[in-house]
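Reviewing the structure listed below.
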Amino acid sequence: MCGIVGIVGTTPVNQSIYDALTVLQHRGQDAAGIVTIESNRFRLRKANGLVKDVFEAKHMQRLQGNVGIGHVRYPTAGSSSASEAQPFYVNSPFGITLAHNGNLTNANDIREKLFQKDRRHLNTTSDSEVLLNVLAHEIDTVKGNVTSEDVFRAVTNVHRAIKGAYAVAAMIIGHGMVAFRDPKGIRPLCLGKRIVDGKNEYMVASESVALDAVGFDFVRDVAPGEGIYVTFDGELHTRQCADNPTLNPCVFEFVYFARPDSFIDKISVYSARVEMGKKLGERIQAEYQHLDIDVVIPIPETSCDIALQIAQAIEKPYRQGFVKNRYVGRTFIMPGQQQRKKSVRRKLNAIRSEFKGKNVLLVDDSIVRGTTSEQIIEMARDSGANKVFMVSAAPEIRFPNVYGIDMPSANELIAHGRDNDAICQQIGADALIYQTLPDLISAVGEGNPDIVKFETSVFNGEYVTGDIDQKYLDYLESLRSDDSKIQRELQQDLANLELHNEGA
């Protein structure tokens, strides 16, 4: 999962993009990048690390220009090398730079075609570079200045060529900013506007909270398949560019990834989580009174709103039993099982008085690998809990995600091939309660009844793009499993060592 930002302004945009990326930091902790255009030249800074660490004063001073795009990244199929940080750019035609959130499911086929037929060399393993070169190839057919008609024709052809989930912000030197969203609307993208000295400025971002942070008014969500083109003179053009668009947003955005103060596809993320808690509370009250729960404690922070609703429904005290170290990142999106294990204890510390001698209901947003759940239950017992029950606001995650979330190998998912009792035993809980998929869909969908179907493949194995088979899942597993990542990291370390030795 990544976060993207794009702004066409009338004054320098470097600080606004930086501020927007800081509130999207939860979408990626691996790398960050900003590119602006000044005097028809790209000004680029990108590197591994958090936004606050990547951009120093000297970098911000160099990022001059009234237009720019930004990106925060965490890796899925690609490597964690700084060379794969975004935005990417190509110098022909005109000069195009691009930032992307999502995952292309036919990237390998497209990469081969780009080389064999279009003579385009790709320098990384990133599917974002594939997407950039597909867009560049389509723009390359333009004779003379790029018009909105040219842009929308190019976006239409991009949609026809690539498959998967994607939200994109790109810039063409001398012309304008292009943004578009996949035809299924899996990955989020919204449009904002503000008026400065009587002139329009436009912004696109992964979440509406980024607009709020820099003073843009939310206009609307970008529709599935829609193309947005904003000239550098501030003219806005929009058009539907997909043949058969449907809105199937990723339900996991509402469970875990998005900030509670964001709106995605007309749905308040906060309200969706409140509804998740209400439905879980009603079910626990009806079916699990025998557990004799004394207190409800959330595992911060995503589940706090959910846990509060559960506590109210079952009429039990709500307590903050864990203190979170805010300087440790989100463990779910950290690469490598060992790193995740080491981070849990550094991330959370228990308030022993809230656990001692009590039957505790712990509430989490989801259970993915089970690593965090197992260690937190152990912490609760070490703090004196009598019994520890676990509830998940999401159903059992049994299938890998292919649309940009790092749920790679089915064998690494604790619910894969296990029933509730086996999972409960594995994490060491006295009881385990999962949200049902119908209840989750109902809770999220209440905010926008027009959405007929959400993307829920991690729960039921139904991939809405219709192009996923076992061969592709096996391929992803070979790329994304922890063992594969460790091997790539070792290879990268060896390559860096060789370069260092050569330089010495």
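Just so you know, these numbers use all the heavy atoms, side chains as well, and skip hydrogens, waters and symmetry mates.
- At least one side-chain heavy atom of Met203 sits less than 4.5 Å from a side-chain heavy atom of Val214.
- Side-chain contact between Ser392 and Asp364: absent, with no pair of heavy atoms (C-beta onward) separated by less than 4.5 Å.
- In this structure Glu129 satisfies the salt bridge (Lys or Arg N to Asp or Glu O under 4.0 Å) test with no other residue, sequence neighbours excluded.
- Of the N and O atoms on the side chains of Thr36 and Gln64, not one donor lies less than 3.5 Å from an acceptor on the other residue.
- Side chains of Asn101 and Met1 form a contact here, defined as non-hydrogen atoms less than 4.5 Å apart.
- Heavy-atom minimum distance, Ala394 versus Val255: CB-CG1, 3.9 Å.
- Ser268 OG to Asn448 CG: the interatomic distance, rounded to the nearest 0.5 Å, is 12.0 Å.
- When every heavy atom of Gly370 is checked against every heavy atom of Ile414, the shortest pair comes out as CA-CD1, 3.9 Å.
- In this structure the side chain of Leu114 never reaches within 4.5 angstrom of the side chain of His121, judged on heavy atoms.
- Smallest separation of non-hydrogen atoms from Val402 and Asn103: O-ND2, 2.7 Å.
- Ser457 and Glu455 share a side-chain donor-acceptor pair at under 3.5 Å.
- Between Arg62 and Glu56 there is no salt bridge, since no side-chain nitrogen of the basic residue lies less than 4.0 Å from a carboxylate oxygen of the acidic one.
- With no hydrogens or angles considered, a side-chain donor-acceptor pair links Asp474 and Gln470 at under 3.5 Å.
- Within 6.0 Å of CG on Asp53 lie more than 12 heavy atoms contributed by other residues, nucleotides or ligands.
- Of the residues Asp265, Val222, Leu211, the one that meets the side-chain contact (heavy atoms from CB on, under 4.5 Å) test with Cys190 is Leu211.
- A side-chain donor-acceptor contact under 3.5 Å links Thr22 to the backbone of Asp19.
- Atom-to-atom distance recorded for Arg73:CZ and Cys2:SG is 6.5 Å, nearest 0.5 angstrom.
- Rounded to the nearest 0.5 Å, atoms CD (Glu84) and CG (Asn123) are 9.5 Å apart.
- For Asp243 and Arg160, the salt-bridge test passes: some basic side-chain N is under 4.0 Å from an acidic carboxylate O.
- A pairwise comparison of heavy atoms in Ile264 and Pro188 identifies CG2-CB, 3.8 Å as the closest pair.
- Put simply, the residue from Met60, Glu38, Arg43 that forms a side-chain contact (heavy atoms from CB on, under 4.5 Å) with Asn14 is Met60.
- Note on ring orientation: taking the six-membered ring where Trp is involved, the planes of Phe454 and Phe254 are perpendicular (angle over 60°, cut-offs 30° and 60°).
- Considering all non-hydrogen atoms of both residues, Gly68 and Ile17 come closest at C-CD1, 3.4 Å.
- A 4.5 Å side-chain heavy-atom check between Ile69 and Ile34 finds every atom pair outside the cut-off.
- Between Glu226 and Arg220 there is a salt bridge, with a side-chain nitrogen of the basic residue lying less than 4.0 Å from a carboxylate oxygen of the acidic one.
- Crowding of Phe232 atom CZ: a count of heavy atoms from other residues, nucleotides or ligands under 6.0 Å exceeding 12.
- Side-chain contact annotation: Arg273 with Ser303, donor-acceptor N/O pair under 3.5 Å absent.
- For the residue pair Asn248 and Thr246, a side-chain donor N or O sits within less than 3.5 Å of a side-chain acceptor on the partner.
- A 4.5 Å side-chain heavy-atom check between Thr456 and Phe252 finds every atom pair outside the cut-off.
- Under a 4.0 Å N-O distance rule, the pair Arg187/Glu253 qualifies as a salt bridge.
- When only modelled atom types and interatomic distance are considered, Asp467 and Tyr472 share no side-chain donor-acceptor pair under 3.5 Å.
- Between His175 and Phe94, the gap from one ring centroid to the other is short of 6.0 Å.
- For the pair Lys193 and Phe218, the cation-pi test (distance below 6.0 Å, angle within 45°) is failed.
- Between Arg369 atom CZ and Ile397 atom CD1 the span is 10.0 Å, to the nearest 0.5 Å.
- Salt-bridge formation is not detected for the pair Lys471/Asp469: no Lys NZ or Arg NE/NH1/NH2 atom is positioned less than 4.0 Å from an Asp or Glu carboxylate oxygen.
- Under a 4.0 Å N-O distance rule, the pair Glu396/Arg418 does not qualify as a salt bridge.
- Remark: the Gln86 side chain and the Ser128 side chain contain an N/O donor-acceptor pair separated by less than 3.5 Å.
- You'll find the ring centres of His100 and Phe180 outside the 6.0 Å limit.
- The closest side-chain heavy-atom distance from Val230 to Glu235 is not below 4.5 Å.
- The shortest heavy-atom contact between Asp127 and Ala107 is CB-CB, 3.8 Å.
- Side-chain contact, Thr465 with Tyr403: a donor N or O sits under 3.5 Å from an acceptor N or O.
- A donor atom on one side chain and an acceptor atom on the other are found under 3.5 Å apart for Glu207 and His26.
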Requested in this report: Quick one: do Tyr166 and His159 satisfy ring-ring contact (aromatic ring centres under 6.0 Å, His included)? Show the steps, please.
Outcome: CA-CA 10 Å; Tyr166 47 93; His159 284 324; 5.8 Å; yes
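- By the neighbour-count criterion of 12 heavy atoms within 6.0 Å, atom CZ of Arg41 is sparsely surrounded, having that number or fewer from other residues, nucleotides or ligands.
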